[in-house]
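A short worksheet on the structure shown next.
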Amino acid sequence: MATTSAKSSTFVPRVSPSPSSNGSNRPSLLSFPKSSPLIPLKHLSLSRSSLHALKTLESPSISKSTTLEPTKPDSKPTILVSEKLSEVGLDVLRSFANVDCSYNLTPEDLCAKISLCDALIVRSGTKVTREVFEAAKGRLKVVGRAGVGIDNVDLQAATEFGCLVVNAPTANTIAAAEHGIALLSAMARNVAQADASMKAGEWKRNKYVGVSMVGKTLAVMGFGKVGSEVARRAKGLGMHVVAHDPYAPDDRARAIGVDLVSFDKAVSTADFISLHMPLTPTTNKIFNDETFAKVKKGVRIVNVARGGVIDEDALVRALDSGVVAQAALDVFTVEPPPKDSKLVQHENVIATPHLGASTMEAQEGVAIEIAEAVVGALNGELAATAVNAPMVPAEVLAELAPYVMLAEKLGRLAVQLVAGGSGIKSVKVVYTTARDTDDLDTRLLRAMITKGIIEPISTTFVNLVNADFTAKQKGLRISEERVSVDGSPDCPVESIQVHISNVDSKFASALSDNGEIIVEGKVKGGIPHLTCVGSFSVDVSLEGNLILCRQVDQPGMIGSVGNILGEENVNVSFMSVGRIGVRKQAIMAIGVDEEPNKETLKKIGEVEAIEEFVFLNL
Ligand SMILES: NC(=O)C1=CN([C@@H]2O[C@H](COP(=O)(O)OP(=O)(O)OC[C@H]3O[C@@H](n4cnc5c(N)ncnc54)[C@H](O)[C@@H]3O)[C@@H](O)[C@H]2O)C=CC1
Ligand SMILES: O=C(O)C(=O)COP(=O)(O)O
């Protein structure tokens, strides 16, 4: 933290841990609290590591939280697996962590256990509520959803607690689509009812006459991964397929020979409707009395998505009245549904206990996908399947690595120049770049500047997951501006400036003419450099700690300060002087490996020509 200051003020050192205090000089996008015992990625043998490029970018970092369970620095993290996960995934997890497979936990059991866990892996049966995040007391860093739907995870709470949520969005697509087709055919041909009847010793050929699928219209509601695979298969069965999805691209539909239509057109023209949209506030009970009033009488409905997209009472009414001839349901609003559920018991309903993803192949794929994502995230890596953090391709992350580091350091530096450190309301970040807007994703940079600004002045730890939320919560408005320059687009950013307005500075020279604190940095040779403070140009690499002094430019200054530091065995790593004119005011930037003690800094302050100085922890 900054210690300073104008020549007459008393010097009071305040030191707080810096993100670099783990000994690493690398930024940590997914920094987690101190209790996180982490193992280098090289100790892992993952079968499919798409994450290697991130390794260069992040390192676990340290938070200031003191409420966390103390964990031995070299002990393994603990991963709680609360629902059945395939052994291949468990093997990946066990090579890295202590794995606690505790199935069938009550919500209370889960809350009781969670504060001892670094990660939690769930399927659809575990509700990861706000209470779970609260009970975790900051230790839970990652929730892995071994499947697609994350409607059982309170994403808002996860984000507020800086907990990354990752899912496994692709490995069970085909399984779900195949189950959809299985239910469609079984429903059309009364397979389940006929089977039950035979097992009861009956032989009722006339009762179980079905309907044909060929030539019929199927409406696929939700034309994403599963929906489009269902459509493809239904085309193979000779069905006419339409789809409704407000966000699906036309070309995906064209490629499969499907017409994208409005909701009303889809439901009113279909002989069969298959549901494949996620459960969200918008889709909640989207199939209700009003919808059933629009359907073709005798329509047949398949739901392999989520029970909540159907108003189940309305569906019972529609089945009773014959508006809906049959329904095939894999998912229910409450799972398992009550034993006396009118829906499950209805003679025109066939039901399966949420089996869409349950094939051997899908479960193995999902388990590996989620295990790798969770392990990577515990290593501070950004998972490609992150649900509540920006998904940034590995190559972009690798390219931005030094800029991410620069961003965090500029944030830390700027905030330490603010008198009192707090009361910051408005920060402007200016990126000078030769890149087109579409070609420069600044979310990481903004998050790291936010981290740099907030961490030194609060007990909150900030990572990519909660940076925007934390800034908002603290009333900190971060705006961004781009300045286009001619130059090589090979370099993502020429310079980054951090402006803090409406604050006093403990180092007056950091204030620009319009009263803003301004620091500017660039990446040179892969190393972040400070290139401007207020109106003064400097050029120092942002490593270790920094002393900024304002003085009247004159011979011997570097020597005087260098001698004071040398006498106290403080190693100077670099020095740079920026001045407004010969023998006029100048800023001397001195990089030091060690933190000088109070006395040493006092001596620097007493050097005749020095008008003000500040010590900054980078
Ligand atoms: N029963 C089971 O075991 C399984 C169920 N699922 C569920 O299937 C659903 C779809 O999964 P994926 O295809 O992998 O997801 P996806 O994200 O690839 O596709 C979902 C599609 O729904 C669309 N959508 C969103 N709001 C919509 C709306 N109001 N109306 C129509 N479409 C809308 C989206 O644009 C997207 O294209 C999810 O709810 C998932 O949880 C997935 C796998 C297994
Ligand atoms: O992936 C999904 O969304 C599913 O619904 C699968 O759920 P499950 O993992 O089988 O509980």
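Just so you know, ligand 1 is whichever comes first in the structure, and atom 1 is the first atom listed for that ligand. Heads up: numbering here begins at 1 and tracks the sequence.
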Proximity flag Thr173 to ligand 1, non-hydrogen atoms under 4.0 Å: no
Contact with ligand 1 for Pro246, non-hydrogen, under 4.0 angstrom: yes
Nearest-contact summary for atom 37 (O) of ligand 1 - protein heavy atom, Å: Asp245 OD2, 2.6 Å
Residue, atom name and distance, where the atom is the protein heavy atom closest to atom 43 (C) of ligand 1: Asn172 OD1, 3.4 Å
Proximal candidate to atom 3 (O) of ligand 1 [heavy atom criterion; set Ala357, Ala243, Gly308, Pro169]: Ala357
Numbered atoms of ligand 1 (with element) below 4.0 Å of His354, judged on heavy atoms: 1 (N), 2 (C), 3 (O)
Salt bridge (charged side-chain N to carboxylate O under 4.0 Å, His left out) partners of residues 333-352, not counting sequence neighbours, each pair once: none
Proximity to ligand 1 by part of Thr283, non-hydrogen separation under 4.0 Å: side chain
Side chain, backbone, both or neither: the part of Arg306 lying under 4.0 Å from ligand 1 by heavy atom: side chain
Neighbour list for ligand 2 [protein residues, heavy atom under 4.0 Å]: Arg123, Ser124, Arg145, Ala146, Gly147, Val148, Gly149, Asn172, Arg306, His354, Ala357
Ligand 1 to Thr282 polar contact by distance, N or O atoms, under 3.5 Å: no
Numbered atoms and elements of ligand 1 in range of Gly149, under 4.0 angstrom, heavy atoms: 41 (O)
Protein heavy-atom partner closest to atom 5 (C) of ligand 1 - residue, atom, separation in Å: Val304 O, 3.0 Å
Residue, atom name and distance, where the atom is the protein heavy atom closest to atom 17 (O) of ligand 1: Lys225 NZ, 3.9 Å
Closest approach of any protein heavy atom to atom 38 (C) of ligand 1, naming residue and atom: Pro278 CA, 4.1 Å
Polar proximity ligand 1 side, Asp151 side, N/O cut 3.5 Å exclusive: no
Ligand 1-proximal atoms of Phe263, by part, heavy-atom distance under 4.0 Å: neither
Val226 N/O under 3.5 Å from ligand 1 N/O: yes
